[in-house]
Colleague: 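Got a structure for you, questions after.
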Amino acid sequence: MLTFIIQPGPCAAAGQRTEYRIASEPAQTIDIRITDAQTGELLGAKRVADAEEATVDVAPVVRRNIEFDPQPGNVTGFLPSEDRTRTIRVTAATPEAPENETSAAECLFYPANETARPPALLTSMPLQRLLAPGERDELTLLHEGTARATVTATGPGGTTTRNYASGTGLLHLFRLCADDFPEAEEIRVDLGAAGTVVYSMTSVPHDACRLAWRSRAGSLEHYTFPTELSTTVEASKIRVCGPDGYSTAGLAASRLTRLRSACETRAAAEALAEIVASPEVWRIVGDGYDPQDVVTDTVQLQRQGALNVLEIEIRPRKTDGPCR
């Protein structure tokens, strides 16, 4: 007889250890299967021989199967979030009787490093932010059922209030586009018990660069680096020498851009430092997101007698052909 004696609750963060433990009476070989509860796709399997108890951590398997693709567009409202979650079913059976499997309760995983209790706003950035015309920001909300957002824009012409509602689910994405509130000087996004994010409208320098990255909180964060310090083109050539002298047989070039942040508080600088360690970073160009490779390995967050300024170097991520 197989019994699940330890299993997670209805939702869990994919970035932390999540154990399922199965007890067997008597000791026997146990086959454990991890499948997508919606599609039935097999994500992983494990066999434990002659055991009275078997343990499996499903988090590494789930993390590999969660998508995190930003959605282009410039319309304020809730976005689909199905690609950022996985509902997992874990089953256990014996090789002699695979049809008599025991199943644990389904669990929904979302891409955060720590499990939060809904309602919660998943973010690593401060709740006081800057936003410029033409820019957009995305908020990730953990909320059971239908989530609601109230956007209040205040400016010289008065106050505008708009209400938005999501579909059902647990993880909800809300996108705010500055151009939907052209006269605003301040925009407040009220997410109920999850909190309120306040945006002060500002102008953008001509050489600014806006990045988005996947944070430890499981959100897609945005930030505009106001200064592009330098742009460097690196070329790697393969030269051959023939009867007519040297010629170039192969060429690989990359464009590196060094960015500098504004003077930020320690909390904001800590959040920006996640860009260096983030598995996915994008540069926002128009309505789209261009994948980037962050060349910088370390950043200095605090210098004695100096304000917090972050400098990083990025280059376009190579998506086709070999890297050189």
Side-chain angles (χ1 to χ4, degrees), residues 11-18 34-39 41 43-44 57-75 77-88 107-116 118 120-125 129 135-143 147 166-167 169-177 191 194 197 209-224 271-296 312 314-320:
C11 65
Q16 65 181 24
R17 184 176 180 84
T18 307
I34 307 168
T35 59
D36 187 299
Q38 308 299 324
T39 65
E41 176 188 0
L43 304 180
D57 175 19
V58 304
V61 175
V62 177
R63 283 197 297 271
R64 293 195 299 268
N65 289 277
I66 289 182
E67 299 288 339
F68 214 100
D69 294 326
Q71 301 178 36
N74 277 315
V75 179
F78 281 96
L79 306 172
S81 62
E82 288 80 6
D83 60 339
R84 298 194 195 174
T85 63
R86 280 276 188 168
T87 302
I88 301 301
C107 179
L108 184 143
F109 287 82
Y110 55 93
N113 282 20
E114 296 180 359
T115 299
L121 178 62
L122 303 183
T123 184
S124 58
M125 293 290 286
R129 306 180 183 183
E135 292 183 344
R136 57 188 177 273
D137 197 28
E138 183 178 293
L139 303 175
T140 304
L141 178 65
L142 200 64
H143 188 282
S166 71
L170 181 69
L171 192 74
H172 307 274
L173 309 179
F174 182 78
R175 179 169 59 203
L176 174 67
C177 298
L191 299 170
V197 183
C209 174
R210 190 162 177 81
L211 296 185
W213 68 97
R214 178 175 175 173
S215 77
R216 292 169 53 87
S219 57
L220 183 69
E221 303 292 0
H222 294 69
Y223 180 82
T224 298
L272 290 177
E274 288 190 1
I275 298 176
V276 176
S278 176
E280 294 171 287
V281 178
W282 298 266
R283 182 172 185 165
I284 299 175
V285 180
D287 292 347
Y289 292 79
D290 288 351
Q292 300 290 307
D293 173 36
V294 179
V295 181
T296 306
I312 63 171
I314 62 173
R315 63 186 172 192
R317 186 191 307 167
K318 192 173 181 65
T319 56
D320 58 342

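Small disclaimer: the values here were computed from a predicted structure and weren't measured.
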Colleague: Calculate, to the nearest 0.5 Å, the distance between atoms OG1 and CZ belonging to Thr87 and Phe109 respectively.
Modeller: 9.5 Å
Colleague: Apply the test side-chain contact (heavy atoms from CB on, under 4.5 Å) to residues Leu141 and Leu173: give CA-CA distance (whole Å), side-chain angles for both, the deciding distance (0.1 Å), then the verdict.
Modeller: CA-CA 6 Å; Leu141 178 65; Leu173 309 179; over 6 Å; no
Colleague: Do you know which two heavy atoms are closest between Ser166 and His172, and how far apart they sit?
Modeller: OG-ND1, 3.0 Å
Colleague: Could you list the donor-acceptor pairs under 3.5 angstrom formed by side chains in residues 59-68, with sequence neighbours left out?
Modeller:
| residue | atom | partner | partner atom | Å |
| --- | --- | --- | --- | --- |
| Arg63 | NH1 | Ala14 | O | 2.7 |
| Asn65 | ND2 | Val61 | O | 2.8 |

Colleague: Closest approach of Gly73 and Cys177, non-hydrogen atoms and distance?
Modeller: O-SG, 4.4 Å
Colleague: May I have the step-by-step check of side-chain contact (heavy atoms from CB on, under 4.5 Å) for Leu191 and Leu121, ending in yes or no?
Modeller: CA-CA 8 Å; Leu191 299 170; Leu121 178 62; 3.7 Å; yes
Colleague: Please report the shortest heavy-atom distance between Glu135 and Arg210, naming the atom on each side.
Modeller: OE1-NH1, 3.4 Å
Colleague: What residues form a side chain to side chain donor-acceptor pair (under 3.5 Å) with Thr85, not counting sequence neighbours?
Modeller: none
Colleague: Report the residues that fulfil side chain to side chain donor-acceptor pair (under 3.5 Å) with Gln292, sequence neighbours left out, ordered by chain and then residue number.
Modeller: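 Side chain to side chain donor-acceptor pair (under 3.5 Å) list for Gln292, sorted by chain: empty.
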Colleague: Check salt bridge (Lys or Arg N to Asp or Glu O under 4.0 Å) between Asp57 and all other residues, then give those that pass, not counting sequence neighbours.
Modeller: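 Listed in chain order: Arg17.
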Colleague: Please find the pair of heavy atoms, one from Pro118 and one from Leu142, that lie closest to each other, and give the distance.
Modeller: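 Heavy atoms only, the tightest pair is CB-O, 3.5 Å.
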Colleague: Among all residues two or more places apart in sequence or in another chain, which pass the side chain to side chain contact (heavy atoms under 4.5 Å, CB included) test with Arg216?
Modeller: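 Listed in chain order: Asn113, Glu274.
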Colleague: What heavy-atom pair brings Arg283 and Cys209 nearest, and what distance separates the two atoms?
Modeller: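 Answer, listing the atom of Arg283 first, then Cys209: NE-SG, 3.2 Å.
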Colleague: If you measure only the distance, is there a donor-acceptor pair under 3.5 Å linking the side chains of Arg129 and Thr123?
Modeller: yes
Colleague: Tyr223: which residues meet the ring pair (Phe, Tyr, Trp, His ring centres under 6.0 Å) condition with it, sequence neighbours left out?
Modeller: Phe225
Colleague: Taking C-beta and beyond as the side chain, do Ile275 and Ile312 meet within less than 4.5 Å on heavy atoms?
Modeller: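 With C-beta onward as the side chain, the pair touches.
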Colleague: So, using side chain to side chain contact (heavy atoms under 4.5 Å, CB included) as the criterion, who are the partners of Ser278 when residues are at least two apart?
Modeller: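 Ser278 satisfies side chain to side chain contact (heavy atoms under 4.5 Å, CB included) with Trp213, Arg214, Val281 once adjacent residues are dropped.
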Colleague: Hey, does Leu176 have a side-chain heavy atom less than 4.5 Å from the side chain of Leu139?
Modeller: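 No - every pair of side-chain heavy atoms lies 4.5 Å or more apart.
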Colleague: For the backbone of Ala217 and the side chain of Ser124, can you confirm whether one donor and one acceptor N or O come within less than 3.5 Å of each other?
Modeller: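 No; judged by distance alone, with no hydrogens or angles, the pair does not exist.
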Colleague: Take Ile284 and Leu211 through the side-chain contact (heavy atoms from CB on, under 4.5 Å) test and state the conclusion after the steps.
Modeller: CA-CA 6 Å; Ile284 299 175; Leu211 296 185; over 6 Å; no
Colleague: Is it true that the side chains of Ser219 and Glu138 contain a donor and an acceptor less than 3.5 Å apart?
Modeller: no
Colleague: For Arg175, what residues pass the salt bridge (Lys or Arg N to Asp or Glu O under 4.0 Å) criterion, not counting sequence neighbours?
Modeller: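 With neighbours one apart ignored, the set is empty.
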Colleague: I'd like to check the side chain to side chain contact (heavy atoms under 4.5 Å, CB included) partners of Pro80; sequence neighbours left out, ordered by chain and number.
Modeller: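 Gln71, Glu82.
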Colleague: For Thr18, check side chain to side chain donor-acceptor pair (under 3.5 Å) against everything at least two apart and list the hits.
Modeller: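 With sequence neighbours excluded, Thr18 shows a side chain to side chain donor-acceptor pair (under 3.5 Å) to no residue whatsoever.
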Colleague: Take Thr140 and Tyr110, measure what side-chain contact (heavy atoms from CB on, under 4.5 Å) needs, and give me the verdict at the end.
Modeller: CA-CA 11 Å; Thr140 304; Tyr110 55 93; over 6 Å; no
Colleague: Test of understanding: with salt bridge (Lys or Arg N to Asp or Glu O under 4.0 Å), list the residues that count as partners of Arg86, not counting sequence neighbours.
Modeller: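 Salt bridge (Lys or Arg N to Asp or Glu O under 4.0 Å) check on Arg86 returns Asp36, Glu41.
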Colleague: Under the side chain to side chain contact (heavy atoms under 4.5 Å, CB included) test, which residues partner Val295, sequence neighbours left out?
Modeller: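 Val295 satisfies side chain to side chain contact (heavy atoms under 4.5 Å, CB included) with Leu256, Asp293, Glu313, Arg315 only.
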Colleague: I need the Ser81 OG to Leu171 CG distance, nearest 0.5 Å.
Modeller: 4.5 Å
Colleague: Show the nearest heavy-atom pair for residues Asp287 and Arg136, with the distance to one decimal.
Modeller: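 It is O-NH2, 2.9 Å.
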